There are 2 protein chains.
Amino acid sequence: MRGSRDVRRPATLASLAAELGVSRTTVSNAYNRPDQLSAPLRARVLEAARRLGYPGPDPVARSLRTRRAGAVGLLLTEALSYAFRDPAATGFLEGLALACERAGSGLLLVPVSPELADVTAVHQAGVDGFVVYSVREDDPHFKAVLERPVPTVVCDQPLHVEGVDRVGIDDRAAMLDLARHLTGLGHRHIGVLCMRLGTGRYDGPADDARQNGATYPVQRNRLGGLRDGFAEAGIDWAGIPVHERFAHSVDAGQAAAAELLAAHPEITAIACTSDILALGALRHAAERGLAVPEDLTITGFDGVPEGLRSGLTTVRQPVLEKGRAAGELLLERGDRNRPRTVVLPTELIVGTTSAVPRSPERWFSGW
Amino acid sequence: MRGSRDVRRPATLASLAAELGVSRTTVSNAYNRPDQLSAPLRARVLEAARRLGYPGPDPVARSLRTRRAGAVGLLLTEALSYAFRDPAATGFLEGLALACERAGSGLLLVPVSPELADVTAVHQAGVDGFVVYSVREDDPHFKAVLERPVPTVVCDQPLHVEGVDRVGIDDRAAMLDLARHLTGLGHRHIGVLCMRLGTGRYDGPADDARQNGATYPVQRNRLGGLRDGFAEAGIDWAGIPVHERFAHSVDAGQAAAAELLAAHPEITAIACTSDILALGALRHAAERGLAVPEDLTITGFDGVPEGLRSGLTTVRQPVLEKGRAAGELLLERGDRNRPRTVVLPTELIVGTTSAVPRSPERWFSGW
DNA sequence: CTGAAAGCGCTAACAT
DNA sequence: ATGTTAGCGCTTTCAG
């Protein structure tokens, strides 16, 4: 005997009602409003349901009727699987999942084909709202999300979108602190590694035009924070080499660090706009036999567990809190008034990967 | 001007059709079957849609009509957020996400209240099928999933469910190998740390009755593999202390190791049924000043990145592949014939946490 | 290439 | 406490 598993949705609420000789409302109530019918009748209904293999009200039909899907959609820049690979994303999602859990809402990961502009997945998603995690300003999927008549909350990027709530951090201020830390230590020749700045797959040096044209405000702001901090110490941003990597991975960071140091051997510090890249830089240093921080200072951004474990000097941002805040903004919106922005605090973590530079510059730039 | 964001689903396919003086079919076709109407007409439709702020066909209504939700549901034992915290789960999900991505299917994380038997979330989920990740045999959520008239694939547990595909590994055989490794090194006094065996929150020694009554076949099999392996070396399972932990965390492993060693100081090796627990045991050893593997051998199971990085002796299982296989089983089912079971290979990884025991037993048990 | 008709399965007023 | 009446918004034969 195979039970109800192989029947193709044999029973519906209506058929059950007919079978029992009661109205559809009664059957519906048996499931949704137990207090609206007598216990014995309800028992009869449920018993008949079991007997006929009726699995309860169809969720899709119910959603259509109630205009509630019971789920929030999540849109990521990257491929879906990236969500589980990047530690910062993972932390964010954990927080978001926590909020969903509390609200009894499902979390639908929307399958976006990374660079393909196939937006159908966004249209397909039966959700009550979207959380958008750090996508570029002109992302077509994001545009599609905005067209859907459901509330949306953005994490990090894009900034300032009409009618959309946002949760993020002050990337610029956080990076400014980090820049001061570096210049305070005495670094004057600093290289920068940053994440992708544009749409196209590009790896290499990023000149000023490219930096300013970046469609990722977060990267723009982190670079901006560095620039401001360096300026305070009299360091001209024009002299700072910035290398960009399309892929966000330890390998990419390693390669970028190699490239950067090869082109600019005078560098005493590498500031990375993410911990992942910094971990790559660390690996490159190890491979090259460079002592960190004695020969080379390396800093990150994010404060992911693996970075912290490596003693990385970095900025810790509350990724889990970001996720939770995003979820709450979306789900517990009693005040649908005007858009809210939540800016969470960050913290400069001085680890063991930053120190006073070996002092060639002292010799040469002194008195 | 606020654009279309604040309108409450103003336009529908029908209203658009009326506005344009065409039939609903035509509007529908404009979206779903571009080849079924003239280009200019289609353009007119799309233009009017834009003008009226019509976001395209409602996904829920479409799902009701087409009987396709375009998403697969994921059921976990633990709270939703656990999915992002446990490295083995994360790997599984990455694989599953990959498969979903390929199939253009969304992935809906079903919000289960861990121990609460509130099954509504399962009923609420608008999905075309379920992937069930390692839940206990009598999980009420799982029961609810089985009642839904959609295909289901199980990962790991429960075993053998009528009409349900499954992907897993041979836990027993894998653990048998590990047991042989331990006895081969000469260990005779071995303690075991295992994950939760039952429904209730229990931490402590697990006697035979408890082991046999476990509702988690995976744990049962892993313990069984150890028992078989020890038996081969003439070690009686009755003399093997097994300690169980409800929570699956490094902290729990640490506490359990402390408890185990306190109660059984003669132990020379701790076999853990997961890497997470083993990492905890490692931490306890460090804390106690026990050298691993000189003073104490510790082994894990899973082969999660952090375990491997720590040099753990363990069994590596292909978590990502499991996820992918589960997704493919569910999504690419051309052969809806009889249930399939996919058993993936595992590999014994001998790391730096296992070695020949310091030899008190040699002195005492010798000639 | 376009339209008319017929529901998909359900819930929510509003009666009774 | 139970039934009647209307759809929710869409797709899909089947005719024209």
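Just so it is clear, the model here is predicted, and its values are computed rather than measured. Reminder, nothing fancy here: chain letters follow the sequence lines and each chain counts from 1.
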Base, sugar-phosphate, or nothing for [X], non-hydrogen atoms under 4.0 angstrom?
X	result
A:Val60	nothing
A:Leu64	base
B:Arg33	sugar-phosphate
B:Thr25	base

Options [options], nucleotide nearest the side-chain atoms of [X]:
X	options	answer
B:Ala61	D:dG3, C:dC8, D:dG9	D:dG9
B:Ser23	C:dG9, C:dG3, D:dT2	C:dG3
A:Thr12	D:dC10, C:dC10, C:dT2	C:dC10
B:Ser28	D:dT12, C:dT2, C:dT11	D:dT12
A:Pro57	C:dG3, C:dC8, C:dT11	C:dT11
A:Arg24	C:dG3, D:dT4, D:dA6	D:dA6

Closest approach of [X] and [Y], non-hydrogen atoms and distance?
X	Y	answer
A:Cys100	A:Gly106	SG-O, 4.2 Å
B:Ala99	B:Leu331	O-CD1, 3.8 Å
A:Leu74	A:Phe92	CD1-CE2, 4.3 Å

Expressed as a whole number of angstroms, how long is the span from [X]:[atom1] to [N]:[atom2]?
X	N	atom1	atom2	result
B:Tyr31	D:dG9	OH	C1'	13 Å
B:Asp58	D:dC8	CG	P	12 Å
B:Arg148	C:dG9	CZ	C1'	13 Å
B:Leu13	D:dT11	CG	C1'	9 Å
A:Gln124	D:dT11	CD	P	10 Å
B:Arg68	C:dG9	CZ	P	16 Å
A:Leu37	C:dT16	CG	P	21 Å
A:Gln36	C:dA12	CD	C1'	11 Å

Please test B:Asp58 against A:Arg67 for salt bridge (Lys or Arg N to Asp or Glu O under 4.0 Å), starting from the C-alpha separation and ending with a verdict. CA-CA 10 Å; B:Asp58 179 290; A:Arg67 315 264 57 206; 2.9 Å; yes
Strictly below 4.0 Å: does A:Ser38 bring a side-chain N or O up to OP1 or OP2 of D:dT2?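 So the side chain of A:Ser38 is within the cut-off, an N or O lying under 4.0 Å from OP1 or OP2 of D:dT2.
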Please state whether the phosphate of D:dC10, meaning OP1 or OP2, lies under 4.0 angstrom from any side-chain nitrogen or oxygen of B:Tyr54.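 The answer is yes; a side-chain N or O of B:Tyr54 sits under 4.0 Å from OP1 or OP2.
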Return the 5'-most residue of the pair B:Arg65, A:Arg62 with respect to DNA chain C, ranking by each residue's nearest nucleotide.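 The 5'-side residue here is B:Arg65.
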Using heavy-atom distances to pick each residue's nearest nucleotide on DNA chain C, tell me which of B:Asn29 and A:Ala14 is more 5'.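 Nearer the 5' end of the strand: B:Asn29.
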For side chain to side chain donor-acceptor pair (under 3.5 Å), just list the numbers for B:Ser28 and B:Arg24, CA-CA rounded to whole Å, side-chain angles, deciding distance to a tenth of an Å, and then say yes or no. CA-CA 6 Å; B:Ser28 177; B:Arg24 303 206 289 293; over 6 Å; no
Please verify the inter-ring angle class for B:Tyr54 with B:Tyr31; under 30° counts as parallel, over 60° as perpendicular, anything in between as tilted.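 Taking B:Tyr31 first and then B:Tyr54, their aromatic rings stand perpendicular (interplane angle over 60°).
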